[in-house]
Amino acid sequence: MFDDVEPKPDFPALERERLQWWQEHSIVAQYLQRNDAADKRWSFIDGPITANNPMGVHHAWGRTYKDVFQRFKTMQGYKQRYQNGFDCQGLWIEVEVERAHGFSSKLDIEAFGVGKFVEECKARVQRFAAQITEQSVRLGQWMDWDDSYFTNSDENNYAIWHFLKQCHTNGWLYKGNDSMPWCPRCATGLSNMEIVTEGYREMTHRSVYLKLPLIEREDESLLVWTTTPWTLAANVAAAVHPELTYARVRQGDDVFYLSRALIDADSGKSKVLQGEFEIEVELPGRDLVGLTYRGPFDELPALDGVVHRVIEWDEVSEDEGTGIVHIAPGCGQEDFALSKQFDLPVIMPIDQFGTYTEGFGFLSDCFAGDVASPIFDSLKEKGALYRIQDYVHRYPICWRCDSELVFRVVDEWYIDMDGADGEGKPLREHMVDATHKINWIPEFGLARELDWLRNMDDWMISKKRYYGLALPIYPCACGNVDVIGSVDELQERAVEGWEKYEGHSPHRPWVDEVRIACSSCGEKVSRITDVGNPWLDAGIVPYATLDYTHTREAGLWHDWFPADFITESFPGQFRNWFYAMLAMSAVLEQREPFRAVLGHAQVRDEKGEEMHKSKGNAIWFDEAADKMGADPMRWLFMRHNPATNVNFGYAAGDEVRRNLVLTLWNTYSFFVTYANIDGWQPDGAAPLASDNELDRWLLSELHQLIADVTSGLESYETAMPARRVESFVELLSNWYVRRSRRRFWKSEDDGDKQSAYSTLHHCLVTLVKLMSPFTPFLSEELYQNLNSARSGAEDAPPSVHLCDWPDADASAIDETLNDEMRTAMRLASLGRAARSKAGIKVRQPLQCVYVRLPGKPDDDALRRLEQQVLEELNVRELALIAEDSDLLQYDIKPNLPVLGPKYGKDVGKIRAALAELDPLNVVLAAGRGEEIAAGEFTLAPDEVLVTTVEQEGYASAQESGFVVVVDTDVPESLLDEGLAREIVHRIQNMRRDAGFAISDRITTYWQGDDDIRRVLAAHGDYVRAETLSESLEEAPPPDDAHTEQQDVDGHAVTLGVRKQ
RNA sequence: GGGCCAUUAGCUCAGCUGGUUAGAGCGCGGUCCUGAUAAGACCGAGGUCGGUGGUUCGAGUCCACCAUGGCCCA
C-alpha cells in the first residue's frame, strides 16, 4: 500500500519535514559519498558568497544553479568536491563592524585597537557564514557544509603571497600613484565601484568664474570655471579643445578668452558673461596651446616655481563652464592622467583628513570643504574673480558617512597588465587567450570580458585599511623591494618580531611585527601596512582550495583544475571575480581557470523594479522559503532565461505552485488513490509492454523528455528542461490521466488496467528523478511513497537523490505516435470549440463529428485516434469530410518557401494566376496528385497550399488545416442519454459533498417527472454503474441520506444518496 | 564620447537559418469539463512587431540611420 495522499497539502511544511527526514536518514552524507570511487570527475568551483549579511532571494537564483548542476552530475555518477565558499575579508566587513561600534573614522579603529577590530571582523564573518549555511540548507542546496572554504583562511592568504611573489619575480608588481576618490572623514580611498553603485547626491555648490592672466599677452586672460574652489590652489594648467572655436572678447578693460559656443550667435548674449561685451577675434583652441599664465595662488610657497601652461585635451566640452578647464592633477582623476601625458607638476594640497598641508599660506590647516569664502575673497582682492554662481549637480559622497568626497593622489601597489613575460607576452594577452578558451553562457559574456580586458588599467591591489590580506611587500629605503611568497619564507627571512606573529593568522596587526633583512643592503625592512584588494581573495580560490602550492605536480590540484564549471550573477563579475581568476591563473599557470561559466542577470520585484529595503519591495529569503517554499522558488528561477532579469514575487511563485506542483501532486494523488483501491504494487520491473496507444504514447513522450532534459543540462541550460517538464506534466495530467481515468476505475482487473498502473507509475518515478535537481523536496516526497523499495524490491535507492540519472531509450520514442496524439488533442480542442459555438455542452452526446485533416489522411492513424476523440468529445461516430463536401470552403495560396527560390520575381504572377482558379478544382486536382495549371505556369501539387475558410451556418472550428464540424441535430434518444449523464454528474458531486469514499457503495433515492422516470428506466444500469449505486429507488430519501433538490436541464429532481 | 544589448498584446516574454493567418503565460469577461484536479478546456477583448529608409518576389526577422531604455567602459 502507498501512503494516502493529502489532497491539499501545506507544501512549505512538507519541505521542513523533509529536511528533518534527510537529516535523520543521513541522506546528504550518502549523496556526498555516492561517487567517491568513480573514475570520472566533474569539477565545480563555488564563487565565494560574502559572509557579511544574511542571504537574499537574489542569492537563491545562483545557488540553485549551483545545486542543480551538481545534483545532475552526481546522478550521472561524477565524483565531485561539493565545496561551498565564503568571502571573508575586505572593507564591506570593516564597514559593518565600524557601524556596530558607531565608528566614523580610521582614528576610531586605531583607538579601539586594530587587533580587537580584526578579531571582531572575523567573528562577524563566522556568524553570517553560519546563517547563510543554514539558509542554503533550507533552499535544498546540498554541499559539504563542514568543508566550506573561507577566504580569510591562512591557506588562502598564503596562496596569494605565492601569487604576488610570482608577479614580483616576473617584474609585474610595482608601486605607482594615482588620484582616487577619497573620503576625508573615513580617511580612506574609495573604489570607483563604491561610488558608481550608490555614491552620488544632488547638491548645490558655489561655483566660480575666474581670470587667469596670460603671460605672453599682456592684459589678456583665460576665463575658467570650477565647482571645487579648494582645488584652485593646486592649479597647474588650463585645458582647451584644439578643434573648438574660442572667442577673445572685450568687456570694459578686460580681455579674455572663452568658448565661442557660449555666446549666442543671434542675440550676441552669453550665459556666462554678464553685461555688455564685444567679440574681437575667433580662433581655434589650438592657437592657445602652449601659452603660459599666472596661477590664482602663485604667491603661496607650495606653488613656488610652478609654470602654468595651456594644454590641449579632446574631452573639453564647449557648453559647460567656459570651454577652458582648470587642471589640478593633485585633485582629480582626469587631471592626474593629463599630468602624466603632459609632464605637469602634481601638487597635493590636502592630507588624508582633507586638511591643507604646510606651504599653502592662509589655507594651511583649513578643511578643504570650508575654504570657498576665503578663496573667493582672495581672488577678488587680486582682481581675478569674475563671477560667483550657485551650481546644482550630482556630486560623489561617501556611501558610509555621506561626506563629500575629494580626490587625492596616493601611493598604491599595482600589477602590470602590459609587462612582458620571458617570451615577450604580456599578462593581458595571456588573459585574453584564456578568455577565448572558456565557454561563456550566455554568449555575450565573451565579448563583455574581452571588452574589459582590452580597456582595463593595471590592477590596483592595495587598500589602506586594516582587515584583509596582508600584502607581503617589503620595500627598502635603498630602493630594493622584497616580496615574501610563503609563511616558511617569512620565518626564514625574519630578523625581528617573529615571536609576536607566530600562532596568529596572517593579518594585521600581528604580521606587521615581523621585519626582514633587505636582500640587497641588509637593512631591516617592515611590511607596507596596506591590505589587499578583496578580489585577490576570491581570485585565488581555484588554487587555494586545491592546495596548489603542495599538490601542484600531482594530486588534488592536478585532479581538479581547471574547473569544469562556475556560475555567478553577471553584473560586476567581469571585472571582479572572473577577472581576478583570469589574472591570477594567467600568472600562475598561463591558462584558463574554468572551462564554462554560466552567468545570470538580477532579481527584480514582481513589477520589474529593483528590490530595496527602503522601497519596501524587498523579499527576504527566509520569508519566501516559508511562504512559497523552496521548490517553487527554485523552479521560478530555473525556468527563467538567465540573460534577462527575473521578476520575483509571490504571485509568480503561486503560478508555479498551481501549474506545476499542484498538477503533478494531483496526478500523483490520483495514482495513489486508485492503486490503493486495487491493491496495485510496483515490482521494480520496467513497465509492461502495452498495446494501449495511450501507454505507448506516454512512454514515448517520457523518453523524449529524458533526452531533452539531459541534453539541456549537459549544456548548462535549465530553462528549456524546466519548460519541457512543465509541458510533460501538463500532458500527463490533462491528457494521459484524463483519457485513462476509466481504465483505472473500471472494475475488471485485466491486463489493460495493469499496464495503465505500470505505465503511470513508471512515468511518475522517472519524472521525479528528472525533476529532483530542480525540486529536491517535492521529488523526494513523491519518490518516498512511490519507489519500489516499499513493496520489497531491493534495488531502489533510499532517496531519489541517490538514484541514477534516467537514460533515454531512443527506441521508445515514436514520433509518429506523438504526432498522432497531438492531432487527437487538436481535434478534441477544435471539437470543444465547435460545441461551444453551437451552445451544446459536452455532457450531451452527439451523433457525429466530421473532421478534415491537412495533407493526406492516414486511415490507420485516424482509427487509432478515433476512440480518444470520440470519448473526449462525447460523440458517437467520427467521419471524414469529403473534399467536395459543402461543409468545406477552400482558399488556395502559393507555397512560398518552395516557390520563392524557384521562381523569384514570378511569384507575383503565380499568386495572381492562382487567384483566378476555382479553389475546389485545385484541391481535387492536388488530391489526385495532378499538376496544376496556373496561367503560364505549371505547379506541382505541393507548390500550392490549401486552407479551409470559415463556413457560416455550421458549428465548426478550424486551425492549421484541421477542421471539425459537429452535427447539432440531436435525436431524442441522445437527449435522454445526456440527461442520464447529467444526473450521474449530480450524484457524483453529491457523493463528494457527502464525504463518501470513492469506492463506497450507495443507495440512490430519486423523485422526478415522467421524463426522468423514462430516462432512468432506460439508462438505470449506466447510472448505477457510474455512481456505484446498488439500487436506484424512486422514493423520498430517508432522513439520513444526503439529499438535494436539483434542477436537471429544466426538470425538478430530488436526489438522495446514502452509504450502504 | 566609445562598446554591447534591448524595444513584439495592459504586464512579463517566445518567435529557429527571411516565407502562408505574429504566439504563450499573467490579468479581465463569459461558457464548459471534472469522484485526481483551489487545476484544466473553449470563446472573447487586446498588436501600425519603437521610427525612417534600404536589400528582396517577400522583412517582426537582414542592412543603414534615428529615437528611447538598460548594462559596460572612458
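In the text below, chain A, chain B and the rest are named by the order of the sequence lines, each starting its count at 1.
- Atom CG of A/Asp4 is separated from atom C1' of B/G35 by 15 Å (rounded to the nearest Å).
- Across the strands present, B/G25 finds its partner in B/C11; the criterion is a Watson-Crick or G-U wobble pair with both atom distances under 3.5 angstrom.
- A gap of 23 Å separates the C1' atoms of B/U7 and B/U17, to the nearest Å.
- Rounding to whole angstrom units, CD1 of residue A/Ile840 and C1' of B/C33 are separated by 16 Å.
- Judged by distance alone, the side chain of A/Arg832 and the main-chain N or O of A/Leu827 form no donor-acceptor pair under 3.5 Å.
- Across all strands, A/Phe996 comes closer than 4.0 Å to base atoms (heavy-atom distances).
- In this structure, A/Lys753 is not positioned above the aromatic face of A/Phe744 in the sense of NZ or CZ being under 6.0 Å from the six-membered ring centre and within 45° of the axis.
- Distance from the side chain of A/Arg448 is smallest for B/C72 among the nucleotides B/A14, B/A36, B/C72.
- The distance from atom CZ of A/Phe671 to atom C1' of B/A36 is 13 Å, rounded to the nearest whole Å.
- With P as the reference atom, B/C26 and B/A39 are 10 Å apart, rounded to whole Å.
- Judged purely by distance below 3.5 Å, without hydrogens or angles, the side chains of A/Asn874 and A/Arg981 pair a donor atom with an acceptor atom.
- Nucleotide B/G69 is matched to B/C5 when pairs are restricted to Watson-Crick or G-U wobble geometry with both distances under 3.5 angstrom.
- In the model, A/His1042 has no side-chain atom that pairs as donor or acceptor with a side-chain atom of A/Arg1058 under 3.5 Å.
- B/G51 sits 10 Å from B/U61 when the P atoms are compared, rounded to a whole Å.
- The residue A/Val737 sits close to a base: some heavy atom pair falls under 4.0 Å.
- Across the C1' atoms, B/U8 and B/A22 are found 8 Å apart, a figure rounded to whole Å.
- Projected onto RNA chain B by closest heavy-atom contact, A/Arg981 and A/Asp451 fall at different nucleotides, the more 5' of which corresponds to A/Arg981.
- Taking the six-membered ring for Trp, A/Trp665 and A/Phe11 have ring centres closer than 6.0 Å.
- The interatomic distance linking A/Arg723 (CZ) with B/A14 (P) rounds to 9 Å, in whole Å.
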Across nucleotides 37-45 of chain B, 5' to 3', mark each nucleotide with B, S or - according to how protein heavy atoms within less than 4.0 Å reach it.
BBSSSSS--
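- Between A/Glu982 and A/Arg986 there is a salt bridge, since at least one side-chain N of the basic residue sits less than 4.0 Å from a carboxylate O of the acidic one.
- In this structure, A/Ala997 reaches the bases: a heavy-atom distance under 4.0 Å links it to at least one base atom across the strands shown.
- We find that CD of A/Glu655 is positioned 5 Å from P of B/C26, with the value rounded to whole Å.
- Nucleotides B/A9 and B/G15 have their P atoms positioned 15 Å apart, rounded to a whole Å.
- A/Trp665 comes within 4.0 angstrom of nothing in the nucleic acid, heavy atoms only.
- Summarising the base pairing, B/G35 is matched to no nucleotide, lacking a Watson-Crick or G-U wobble pair whose two defining distances lie under 3.5 Å.
- Of the possible donor and acceptor atoms, one in the side chain of A/Asp631 sits under 3.5 Å from a partner among the backbone N and O of A/Leu778.
- For the C1' atoms, the distance linking B/A6 with B/C42 amounts to 36 Å, nearest Å.
- With a cut-off of 3.5 Å on both pairing distances, the Watson-Crick or G-U wobble partner of B/C42 is B/G30.
- Counting only heavy atoms from C-beta on, A/His985 has its side chain closest to B/G35 among B/U12, B/G35, B/C32.
- For B/U34, the OP1/OP2 oxygens have no side-chain nitrogen or oxygen of A/Arg739 closer than 4.0 Å.
- Note: CG (A/Asp605) to P (B/C11) measures 15 Å, nearest angstrom.
- Comparing the same atom, C1', in B/C16 and in B/A59 gives a spacing of 16 Å after rounding to whole Å.
- Taking the nucleotide of RNA chain B with the nearest heavy atom to each of A/Ala447 and A/Lys841, the more 5' of the two is matched to A/Ala447.
- Regarding contacts with the backbone of B/C13, every side-chain N or O of A/His640 stays at 4.0 angstrom or more from both OP1 and OP2.
- A salt bridge between A/Asp335 and A/Lys340 is absent, with no side-chain N of the basic residue lying under 4.0 Å from a carboxylate O of the acidic one.
- Between A/Tyr674 and A/Trp745, the ring planes lie tilted relative to each other; the angle falls in the 30° to 60° range.
- Here A/Thr673 lies out of heavy-atom contact (under 4.0 Å) with every strand.
- When rounded to the nearest whole Å, the span between CZ of A/Arg843 and C1' of B/U34 equals 8 Å.
- Under 3.5 Å, the side chains of A/Gln868 and A/Arg739 contain a donor-acceptor pair of N or O atoms.
- Rounded to whole Å, atom C1' of B/G27 lies 14 Å from atom CG of A/Asp654.
- For B/G60, there is no paired base (Watson-Crick or G-U wobble, both distances below 3.5 Å).
- Atom P of B/A36 sits at a distance of 28 Å from the matching atom of B/G29, rounded to the whole Å.
- Phosphate contact (OP1/OP2 of B/A36, side-chain N/O of A/Tyr668, threshold under 4.0 Å): absent.
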